[in-house]
K.L.:
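Let me begin by handing over the structure; questions about it come next.
We're numbering straight along the sequence, starting at 1. Please read all numbers here as calculations on a predicted model, not as lab measurements.
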Amino acid sequence: MILKNAARAAAISTAILAGMVTAPGQASADTTGPVVSQIGKAQTDTGLELTAHIDAPAGVTSVTATLTAGTATVPNSTVTDFHLVSGTATSGTWQSSGSLGLDFYASYRVAITAQDSEGTVSLPGRGFLAYRPSPVFHDTAYEPTALSFEHQDINVTGRVTEYDPAAGDIGTPWPTPAGLGVFVTWDGHTSPRYATAADGTFAFTVHPGAVQNTTLHVSFVDSTAYAEGPDSEPITSVDSPARITLDSTGSTGAPVGSTQVISGTAEGQQEDGTWVPVANAKLLVQADVGAAWVTTDATGRFSETVPVTNDTTIWTVSEMRPFLTPTSASYTVANPVAKVSLYANKPTVDAYSRLHISGYSTFPGNALPNGRVYIQQSNDGHTGWTNIGSTTFGSGGFAASVLTVTNPHGYWRYYYPGAPGFTAAYSPVVHAFRYQTAISGGKPSHTRVTKRHTVTISGTLKQNGYGSWTPLPKATVQIFYRPSGSSTWHLITSARTSSTGYFAAHPTITRTGTWRVVYKAPDQVHVNAYGPMVKVTAI
């Protein structure tokens, strides 16, 4: 709605003069005379007129005003034509009629006295009157008066003319350059000053910002004059619908410690129902674990990277822009999976083909469900992984494991199969090397032998590294015997392998017992080898 000035009546405006002083006048000690107060001025269609409020119990019979320019001692004009405009003769407001009779523009000292029906004359009420041209506002309008998402600026228009104190509003435009002129104030804010055109008109736009209810005040100032125009009708605000559309509403099973990207578009709805992007809007992205501000770009787009924690987390994206209804959208990181990491220390294999391995792990929290970790073996470190044992978590890492392995130059790793809320994990592959050894043959030539006769125990000692099996030459094998009914093995003899790995021994049979060939590795690169256990009966 556009607000316009009401039609001006005979009195355009009234104001109390600056510096007004009043005091009572008395005819005698027991008689109360008139008291003059609230000396002011009225802008009428024919020029400035004086006003004063007078209290006189005996009733006012006459009012006199003198106007003296600057520091002069002789009044420039005396005005006696006053009439009652409101109230009564005992308490009312009086106003002069017609011209003040002043011949030039200046600042005048005003003194007004009143006489009552008993002849008592008051002390003068005093003030100052600036008698010079002043600006007057016409057709001031504010559009719109209801701010919204679609309309956040107010256009201010109107016209300023000159008011002559001797003749009234003579309709002459009052132009002024930029930097002076017209401006608007509201809620402690002041707009820039805008020039009036040659015809006295003005038109400019103000941006009140996030106001709920306010009133705009238009004023005019230049190097010689100041005037206040009509206030606006109360400015209100209307919140428009808003929405936040996320590209995705969440994820499930993201690893703890990883990040998620929350992105989308913020929009506001115009009066015709059209949804348009909200540019440069601040959005709050918030969860129990933290918060961040993100600003939309020119297309209403936004993006924020958030961390994944141990618990299901709901991130709320909220619209914080003025003139939009509060709105939000939720992004849920459900069932996060804690990342488990396993590490294996460098293992060793001893001469008995026993693997010595230890390691440690890292994971969020203090404990893992199903805290068993498996030890796996592969011949080439890539394929054929099989479980060969297991261990558990300890405060300092995995308990050291000692496992007999079939391949002393194999590859090993730890494996955790995972659990609800925790990822499965493999450690890096580790490796140890010893030659695998084997004895082929190694059986006595007979299993029933007459006492004090010999048997031949022969065979081949072989070794295997990364390729095929090859003879193990110049190695010593030992022949052990355990009498029947005993658990003790006795070393009977030994044999040296040939270049082809062949060996032969010829022990004498004295009683029934079990025989076995053993290769005990004399170095750090081979493992022991064992032939079959064979019973020979002495007859």
K.L.:
Rounded to the nearest 0.5 Å, what separation is found between the NZ atom of K346 and the CD1 atom of I357?
P.N.:
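Here the rounded value is 11.0 Å.
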K.L.:
With a cut-off of 6.0 Å (strictly less than), are more than 12 heavy atoms of other residues, nucleotides or ligands near CD of Q524?
P.N.:
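12 or below, so no.
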K.L.:
Do you know the tightest heavy-atom contact between P428 and Y343?
P.N.:
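Heavy atoms only, the tightest pair is CD-CA, 4.3 Å.
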K.L.:
May I ask you to decide if G531's main-chain N or O and R516's side chain share a donor-acceptor pair within less than 3.5 Å?
P.N.:
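Flag set: sc R516 to bb G531 pair under 3.5 Å.
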K.L.:
Is it true that a side-chain atom of T391 and a backbone atom of A399 form a donor plus acceptor pair closer than 3.5 Å?
P.N.:
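Such a contact is found between T391 side chain and A399 backbone.
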K.L.:
Is it the case that T500 and S498 place a side-chain donor and acceptor less than 3.5 Å from each other?
P.N.:
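The answer is yes; a qualifying pair exists.
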K.L.:
Considering non-hydrogen atoms only, spot the tightest contact between V206 and S191 and give its length.
P.N.:
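Result for this residue pair: CG1-CB, 3.8 Å.
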K.L.:
Using modelled atom types and a 3.5 Å cut-off, is there a donor and acceptor pairing between side-chain atoms of T252 and backbone atoms of N335?
P.N.:
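Looks like no, no N/O pair under 3.5 Å.
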K.L.:
Would you say I314 has more than 12 foreign heavy atoms packed within less than 6.0 Å of its CD1?
P.N.:
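Not more than 12 within 6.0 Å, no.
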K.L.:
Any side-chain heavy atom of T157 within less than 4.5 Å of one from D139?
P.N.:
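They are not in side-chain contact.
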K.L.:
Considering residues, nucleotides and ligands other than R301, do more than 12 of their heavy atoms fall under 6.0 Å from its CZ?
P.N.:
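Correct, the count exceeds 12.
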K.L.:
Could you check whether any side-chain heavy atom of P208 comes within less than 4.5 Å of a side-chain heavy atom of H189, counting everything from C-beta outward?
P.N.:
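They are not in contact (no side-chain heavy atoms under 4.5 Å apart), so the answer is no.
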K.L.:
Is it true that a side-chain atom of N387 and a backbone atom of G389 form a donor plus acceptor pair closer than 3.5 Å?
P.N.:
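Not a single qualifying donor-acceptor pair exists.
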K.L.:
Using distance alone, with no hydrogens and no angle criterion, decide if Q260 and Y331 have a side-chain donor and acceptor under 3.5 Å apart.
P.N.:
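There is such a pair (donor and acceptor under 3.5 Å, judged by atom type) between the side chains of Q260 and Y331.
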K.L.:
Show the nearest heavy-atom pair for residues Y502 and S458, with the distance to one decimal.
P.N.:
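Nearest pair, atom of Y502 first, then S458: OH-CB, 3.4 Å.
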K.L.:
So do the side chains of S484 and T514 get within less than 4.5 Å of each other, counting heavy atoms only?
P.N.:
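Sidechains of T514 and S484: no contact.
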K.L.:
Is there a side-chain contact between K339 and V256 in this structure, where contact means two heavy atoms from C-beta onward sitting under 4.5 Å apart?
P.N.:
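Not in contact.
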K.L.:
Surrounding OH of Y352 (heavy atoms of other residues, nucleotides or ligands, distance under 6.0 Å), is the total greater than 12?
P.N.:
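Not buried by this count: 12 neighbours or fewer within 6.0 Å.
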K.L.:
Is the backbone of K474 close enough, under 3.5 Å, to the side chain of T497 for a donor and an acceptor to pair up by distance?
P.N.:
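Confirmed, T497 side chain pairs with K474 backbone.
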K.L.:
Mind listing the closest non-hydrogen atom pair of Y416 and L342 along with its distance?
P.N.:
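Nearest pair, atom of Y416 first, then L342: N-CD1, 3.6 Å.
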K.L.:
Compare every heavy atom of V517 with every heavy atom of G442, then report the nearest pair and how far apart it is.
P.N.:
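Shortest heavy-atom contact: O-CG2, 3.8 Å.
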K.L.:
Using the rule side-chain contact (heavy atoms from CB on, under 4.5 Å), only one of W489, F480, W515 pairs with M533; which is it?
P.N.:
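Only one option passes, and that is W489.
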K.L.:
Using atom types as modelled and distance alone, determine if a side-chain donor or acceptor of T196 lies under 3.5 Å from a backbone N or O of T176.
P.N.:
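Yes, T196 side chain to T176 backbone: donor-acceptor pair under 3.5 Å.
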K.L.:
Check whether any side-chain N or O of T190 sits under 3.5 Å from a backbone N or O of T185 as a donor-acceptor pair, and report yes or no.
P.N.:
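No.
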K.L.:
Among side-chain atoms of D187 and T214, is any donor-acceptor pair under 3.5 angstrom?
P.N.:
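A pair is found: one side chain offers a donor N or O, the other an acceptor, under 3.5 Å apart.
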K.L.:
Any ion pair linking R354 and D350 (charged N to carboxylate O, less than 4.0 Å)?
P.N.:
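Salt bridge present between D350 and R354.
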K.L.:
Are T236 and N213 linked by a side-chain donor-acceptor pair shorter than 3.5 Å?
P.N.:
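Note: T236 and N213 side chains miss the donor-acceptor criterion.
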K.L.:
Determine whether a donor-acceptor pair (N or O, by modelled atom type, separation under 3.5 Å) exists between the side chain of S248 and the backbone of G250.
P.N.:
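Such a contact is found between S248 side chain and G250 backbone.
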K.L.:
Test: ring-ring contact (aromatic ring centres under 6.0 Å, His included). Region: residues 520-539. Which pairs qualify, not counting sequence neighbours?
P.N.:
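For residues 520-539, and leaving out neighbouring residues, the ring-ring contact (aromatic ring centres under 6.0 Å, His included) pairs sorted by first residue read Y435-H526.
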K.L.:
For F183, is the NZ or CZ atom of R193 found under 6.0 angstrom from the centre of its six-membered ring and inside 45 degrees of the ring axis?
P.N.:
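Geometry flag: set, cation within 6.0 Å and 45°.
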K.L.:
Considering the options Y415, Y414, Y360, which one meets the ring-ring contact (aromatic ring centres under 6.0 Å, His included) requirement together with F398?
P.N.:
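With F398 as partner, Y415, Y414, Y360 yield a single ring-ring contact (aromatic ring centres under 6.0 Å, His included), made by Y414.
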K.L.:
Return the CG to OG1 distance between N155 and T205, rounded to the nearest 0.5 Å.
P.N.:
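The OG1 atom of T205 is 4.0 Å from CG of N155, to the nearest 0.5 Å.
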K.L.:
For H446, is the NE2 atom crowded, meaning more than 12 foreign heavy atoms sit under 6.0 Å from it?
P.N.:
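No, the 6.0 Å shell around NE2 holds no more than 12 heavy atoms from other groups.
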K.L.:
Tell me yes or no: between the side chains of H409 and N407, is some donor less than 3.5 Å from an acceptor?
P.N.:
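Note: H409 and N407 side chains meet the donor-acceptor criterion.
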K.L.:
Evaluate the side-chain proximity of V261 to S303: yes if any heavy-atom separation is below 4.5 Å, no if none is.
P.N.:
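Contact flag for S303/V261 side chains = yes.
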K.L.:
Is there side-chain contact between P507 and V455, with heavy atoms separated by less than 4.5 Å?
P.N.:
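Side-chain contact under 4.5 Å: yes.
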K.L.:
Between D311 and T309, do the side chains contain an N or O donor and an N or O acceptor separated by less than 3.5 Å?
P.N.:
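Not at all, the side chains of D311 and T309 share no donor-acceptor pair under 3.5 Å.
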K.L.:
Do L246 and F302 come within less than 4.5 Å of each other through their side chains, counting heavy atoms only?
P.N.:
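Yes, close enough: below the 4.5 Å cut-off.
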K.L.:
I need the minimum non-hydrogen distance between F202 and R159, along with the two atoms involved.
P.N.:
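Shortest heavy-atom contact: CE2-N, 3.4 Å.
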K.L.:
If you define the side chain from C-beta out and look only at heavy atoms, does anything of W469 sit under 4.5 Å from Q436?
P.N.:
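In contact.
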K.L.:
So how far is it from T348 OG1 to R434 CZ, rounded to the nearest 0.5 Å?
P.N.:
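Answer rounded to 0.5 Å: 8.5 Å.
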K.L.:
Any side-chain to backbone donor/acceptor pair from S486 onto P483? Under 3.5 Å, distance only.
P.N.:
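No.
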K.L.:
May I ask you to decide if Q152's main-chain N or O and H207's side chain share a donor-acceptor pair within less than 3.5 Å?
P.N.:
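A pair under 3.5 Å: yes.
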K.L.:
Per the side-chain hydrogen bond (donor to acceptor under 3.5 Å, both in side chains) rule, which among H431, Q377, Q376 passes with W412?
P.N.:
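With W412 as partner, H431, Q377, Q376 yield a single side-chain hydrogen bond (donor to acceptor under 3.5 Å, both in side chains), made by Q377.
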